[in-house]
Colleague: 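Here it is, the structure, as structure tokens.
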Amino acid sequence: MKIVPLWSDALLILLLALVVAGAWWSRKQAHLKDAWRKVGASGTAMAAATVLAAFVVVGVLDSLHYRPALPAKGDGPVQYSNEVLSVLDALLLPLKSRSEKTYSAPLATHLFAKESLDGEGRDFPRLKHGGVHLGQDLAAQDGDIAMRVLTGLGLGVALWLPLWFWVRKRKIGAGDTAMGSVLGTAFVMLLVAGPVALLSAGYHVLGTDKVGQDVLYLTLKSIRTGLLIGTLTTLIMLPAAVLLGILAGYVGGWVDDLIQYLYTVLNSIPGVLLIAAAVLMMQVIIDTHPEWFATSAERADARLLALCLILGVTSWTGLARLLRGETLKLREMDYVQAARAFGVGRLAIMLRHILPNLMHIVLIALVMDFSGLVLAEAVLSYVGIGVDPNTISFGTMINAARMELAREPMVWWSLAAAFAFMFALVLAANLFADAVRDAFDPRAVK
Amino acid sequence: MLAYIIRRLLYALPILIGVNLITFALFFVVNSPDDMARMQLGVKRVTPEAIEKWKAERGYDRPLLWNAQAPGVAAATETIFFQKSVKMFAFDFGRADDGRDIAREIATRMAPSLAVALPVFALGLFAAVTFALLLVYFRASYLDFWGVVFCVAMMSVSGLFYIIGGQWLVSKVWHLVPISGYAGGADAAKFLVLPVIISVIGGIGSSTRWYRTLFLEEITKDYVRTARAKGLSERAVLFGHVLRNALIPILTGVVVLIPLLFMGSLLIESFFGIPGLGSYTIDAINAQDFAVVRAMVFIGSLLYIVGLLLTDISYTLVDPRVRLQ
């Protein structure tokens with residue numbers, strides 16, 4: 001096994017480290033602690049945070065990549081497979097490897113389309129993996145499914161009870177509605193996850209797609225792409241936006257004019273068109289330099305990061321403008337004037353006195369942009385200027401499935417799965433972002 | 001006023017030049033025309049002659065910025081920069097890969113784009129303002145709460161699903177209107193109903209929530225308290241005072257979008273097969289027709305800058321407190 005650190009993995013882990021460090025730092029800052037406490041007291045926000053946490057766990061598991069060693073031939077050096085796997089792939093190996101020939105409905109035992117069987121005319125062939133443990137006894141399918149659902153529900157409750165007892169015993173947030181909503185959300189998620197886990201051991205819970213891949217596996221893999229686009233875009237543009245925003249606001253003069261000119265120009269190109277133009281050019285670069293990438297996963301990863309960068313370039317203007325305005329306000333504050341009177345240098349004022357007081361705007365921008373970016377990824381991938389076609393994402397899933405509604409009977413499960421997961425992710429992100437904004441934005445309207 | 005408009009137009013010029021420089025850098029400096037040719041003709045097994053032919057067909061065989069071989073002024077004009085970028089200011093976009101004149105194509109495709117975008121704009125604004133007023137009228141009630149929840153849920157659904165779901169339900173299951181297509185004249189109506197409704201529904205969540213916030217901000221102002229104190233009914237306060245004052249940020253927020261309506265909507269037009277500028281852009285992206293994408297970037301920026309100008313002018317029209325110097 002050889003660990004393959006992709007650039008996006010490193011950035012995602014850097015982001016998590018930043019979040020943890022930021023949380024640690026804000027523990028000592030009374031005003032930030034109060035704001036977070038406000039978020040923590042909101043039932044909806046904590047329920048949304050629980051859902052988001054589940055998505056993040058899946059995304060992080062999917063961000064630890066390696067190349068498995070091939071079986072040794074003789075005593076030469078160990079060879080590694082060209083396929084880059086993640087920890088999530090290893091956990092979901094049964095789902096990943098058990099692919100069928102083509103479409104099959106959720107929980108089906110037979111393929112979706114008729115085929116000629118040898119000597120027996122045309123019929124729906126049996127699936128290679130879905131419901132194969134039933135043998136010839138197809139009548140037992142309903143009972144088997146019911147049994148698995150019931151056991152799964154039991155499993156969910158069994159996993160939830162220790163959590164509940166732990167919270168009760170430690171008296172964390174005793175009598176709090178927020179803690180109740182966290183427990184409630186966890187309960188619902190476990191109740192769904194239990195049956196799904198048991199069912200997917202024997203069936204394709206969400207069916208299979210055109211080339212027979214399990215749709216549940218595809219949706220779980222899509223989560224990482226969505227999370228990456230939603231977070232890395234803001235992270236990549238952050239240094240530029242913060243630097244230019246503060247410089248424009250604090251230094252003023254021709255620096256201000258130049259920076260304003262820069263973002264007005266970028267802002268006046270309609271976003272989609274600038275993205276389209278930049279992505280087309282990026283494709284040319286990637287296609288004419290195949291020697292840069294050792295594996296196809298690395299190429300897809302480079303393209304994903306480039307997309308984040310392009311999205312970031314088109315969207316940093318708004319944040320830079322906000323930061324410039326706030327800096328203009330802050331530089332006239334008494335404490336900044338006092339620092340200047342004491343002879344503190346420009347750089348030190350910007351770093352020590354201005355920057356920390358802009359952090360709430362950065363935080364709000366980070367959480368508010370997330371859901372829009374996840375939605376944008378789907379649209380861009382549909383238009384053909386999104387992620388690499390081989391990258392599993394909500395956009396590529398929808399794109400592959402959208403023509404299938406015209407089939408008779410129709411193939412609805414890929415779209416439904418993408419819809420449900422995307423909706424849960426974006427809704428949770430929206431609710432959480434609202435709570436964060438309300439808590440941190442001093443001008444927020446209740 | 002006139003002097004102000006002229007000065008604003010002069011301000012717009014450097015921005016347009018900046019956009020032009022960015023597109024030039026993006027399309028000709030980041031990648032050489034050779035790279036683009038190689039990409040379009042297939043990366044492997046492409047002869048130098050084929051690349052030269054591809055470049056000559058598109059006029060990319062000139063030097064980038066300075067043609068040392070040409071005499072006199074032609075040294076500056078016989079270049080890619082002058083032929084491809086400077087000429088855009090005269091709305092000369094050259095030819096697309098299929099040989100058609102891009103400027104002419106854009107002019108003919110504007111009408112279908114507007115036929116979708118204008119009703120969407122007007123209906124969407126009307127629906128969102130009405131809905132937001134309703135929520136504000138019943139503020140801090142269950143109706144308001146669930147209305148906001150509904151808006152957030154609507155915002156959390158990708159636009160793709162509205163289109164796919166709407167097409168499937170209305171056209172395939174109910175057979176009410178054709179799935180896609182377009183016809184000129186009065187026949188256009190039956191093709192336009194569904195895209196317009198879907199666009200309005202898709203956009204209503206976020207705009208309603210935004211307008212609701214604006215109204216709620218307005219409602220805490222002193223003049224509203226005065227209006228209530230003199231005994232006006234809640235309805236009179238909302239429609240006569242709050243709506244009129246909140247319309248200032250709403251109108252100035254949407255005025256910037258009006259010129260961009262000419263660009264059409266990428267998604268709606270491509271799903272419904274409407275031959276507007278949105279589907280033109282998508283087709284160009286898919287066919288990697290760089291000339292068309294470049295032209296659309298230029299037109300889009302131009303329209304955006306016009307929108308900003310209109311916004312400033314509309315401030316003076318709706319808000320007498322604002323004076324332009």
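Please read these numbers as outputs of a predicted model, since none were measured by experiment. Naming: A, B, ... by sequence-line order, numbering from 1 per chain. For the numbers below, each heavy atom of this structure counts, side chains included, while hydrogens, waters and symmetry mates do not.
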Colleague: Quick one: which of A:Leu274, A:Val272, A:Asp434, A:Thr264 has the most heavy-atom pairs under 4.5 Å with chain B, could you say?
Modeller: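 Heavy-atom pair counts peak at A:Asp434.
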Colleague: Only pairs of heavy atoms separated by less than 4.5 Å count here; which of B:Leu260, B:Leu266, B:Leu160, B:Asn286 has the most with chain A?
Modeller: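 Result: the option with the highest number of such pairs is B:Leu160.
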Colleague: Side chain, backbone, both or neither: which part of A:Val383 has a non-hydrogen atom closer than 4.5 Å to chain B?
Modeller: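 Looking at A:Val383, backbone and side chain both touch chain B.
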Colleague: Counting only non-hydrogen atoms closer than 4.5 Å, does B:Arg209 touch chain A with its backbone (N, CA, C, O), its side chain (CB onward), both, or neither?
Modeller: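 Contact with chain A is through the side chain of B:Arg209 alone.
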Colleague: Is atom CZ of A:Phe112 surrounded by more than 12 heavy atoms (other residues, nucleotides or ligands) closer than 6.0 Å?
Modeller: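 Yes, enclosed.
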Colleague: Compile the donor-acceptor pairs under 3.5 Å between side chains in residues 409-426 of chain A and protein atoms, sequence neighbours left out, one pair per line.
Modeller:
residue  : atom : partner  : partner atom : Å
A:Trp413 : NE1  : A:Ser104 : O            : 3.4
A:Trp413 : NE1  : A:Thr208 : O            : 2.9

Colleague: Non-hydrogen atoms of chain A under 4.5 Å away: do they reach the side chain of B:Val293, the backbone, both or neither?
Modeller: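 Side chain only.
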Colleague: Among all residues two or more places apart in sequence or in another chain, which pass the side chain to side chain contact (heavy atoms under 4.5 Å, CB included) test with A:Ala400?
Modeller: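 A:Ala400 satisfies side chain to side chain contact (heavy atoms under 4.5 Å, CB included) with no other residue.
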Colleague: Which bit of B:Ile15 comes within less than 4.5 Å of chain A, counting heavy atoms only: side chain, backbone, both or neither?
Modeller: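 Both parts, backbone and side chain.
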Colleague: For A:Pro270 versus B:Ser301, what's the shortest heavy-atom pair and its separation?
Modeller: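 Closest approach of A:Pro270 to B:Ser301: CD-N, 3.7 Å.
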Colleague: For B:Leu26, is it the side chain, the backbone, both or neither that has a heavy atom under 4.5 Å from a heavy atom of chain A?
Modeller: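 For B:Leu26, backbone and side chain are both near chain A.
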Colleague: Heavy-atom distances under 4.5 Å only: say whether B:Thr281 touches chain A with side chain, backbone, both or neither.
Modeller: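 Just its side chain gets close to chain A.
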Colleague: Could you give me the CA-CA distance, side-chain angles and deciding distance for A:Val265 and B:Leu21, then say whether side chain to side chain contact (heavy atoms under 4.5 Å, CB included) is met?
Modeller: CA-CA 10 Å; A:Val265 168; B:Leu21 286 177; over 6 Å; no
Colleague: So how far is it from A:Leu273 CG to B:Phe298 CZ, rounded to the nearest 0.5 Å?
Modeller: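 Rounded to the nearest 0.5 Å, the CG-CZ separation comes to 13.0 Å.
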Colleague: Locate the shortest heavy-atom distance separating B:Ser156 from A:Leu375; write the atom from each residue and the value.
Modeller: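 Heavy atoms of B:Ser156 and A:Leu375 come nearest at O-CD2, 4.2 Å.
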Colleague: Any chance OH of A:Tyr261 has more than 12 other-residue heavy atoms, nucleotides or ligands included, within less than 6.0 Å?
Modeller: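 More than 12 heavy atoms, drawn from other residues, nucleotides or ligands, come within 6.0 Å of this atom.
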Colleague: Is it the side chain or the backbone of A:Asn267 that comes within 4.5 Å of chain B heavy atoms, both, or neither?
Modeller: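 Contact with chain B is through both the backbone and side chain of A:Asn267.
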Colleague: Non-hydrogen atoms of chain B under 4.5 Å away: do they reach the side chain of A:Ile269, the backbone, both or neither?
Modeller: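 Both the backbone and the side chain of A:Ile269 come within 4.5 Å of chain B.
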Colleague: Between B:Ser270 and A:Tyr382, is any pair of side-chain heavy atoms under 4.5 Å apart?
Modeller: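 SC-SC contact between B:Ser270 and A:Tyr382 confirmed.
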Colleague: Between B:Phe290 and chain A, which part of the residue has a heavy atom less than 4.5 Å away: side chain, backbone, both or neither?
Modeller: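 Side chain of B:Phe290 only, per the 4.5 Å heavy-atom cut-off to chain A.
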Colleague: Ignoring hydrogens, what is the shortest heavy-atom contact between B:Ile305 and A:Ser268? Give both atom names and the distance.
Modeller: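 Closest pair (atom of B:Ile305, atom of A:Ser268, distance): CG1-CB, 4.1 Å.
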Colleague: Taking heavy atoms only and a threshold strictly under 4.5 Å, list by residue number the residues of residues 166-174 of chain B that touch chain A; give 'none' if the list is empty.
Modeller: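 Against chain A, the residues of residues 166-174 of chain B that fall inside the cut-off (heavy atoms, under 4.5 Å) are B:Trp168, B:Lys172.
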Colleague: Looking at A:Leu266, A:Leu431, A:Leu280, A:Val374, which makes the most heavy-atom pairs under 4.5 Å with chain B?
Modeller: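 Looking at each option in turn, the highest pair count goes to A:Leu280.
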Colleague: With sequence neighbours excluded, what pairs up with A:Ile275 under the side chain to side chain contact (heavy atoms under 4.5 Å, CB included) test?
Modeller: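 Partners of A:Ile275 by the side chain to side chain contact (heavy atoms under 4.5 Å, CB included) criterion, ordered by chain and then number, come out as A:Val279, A:Ile310, A:Leu311, A:Thr314, A:Leu380, A:Ile385.
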Colleague: Is B:Met263 in contact with chain A via its backbone, its side chain, both, or neither, using a 4.5 Å heavy-atom distance?
Modeller: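 Side chain only.
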Colleague: Please name the pair of heavy atoms, one in B:Ile285 and one in A:Ala276, separated by the smallest distance, quoted to 0.1 Å.
Modeller: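 Taking every non-hydrogen atom into account, CD1-CB, 3.4 Å.
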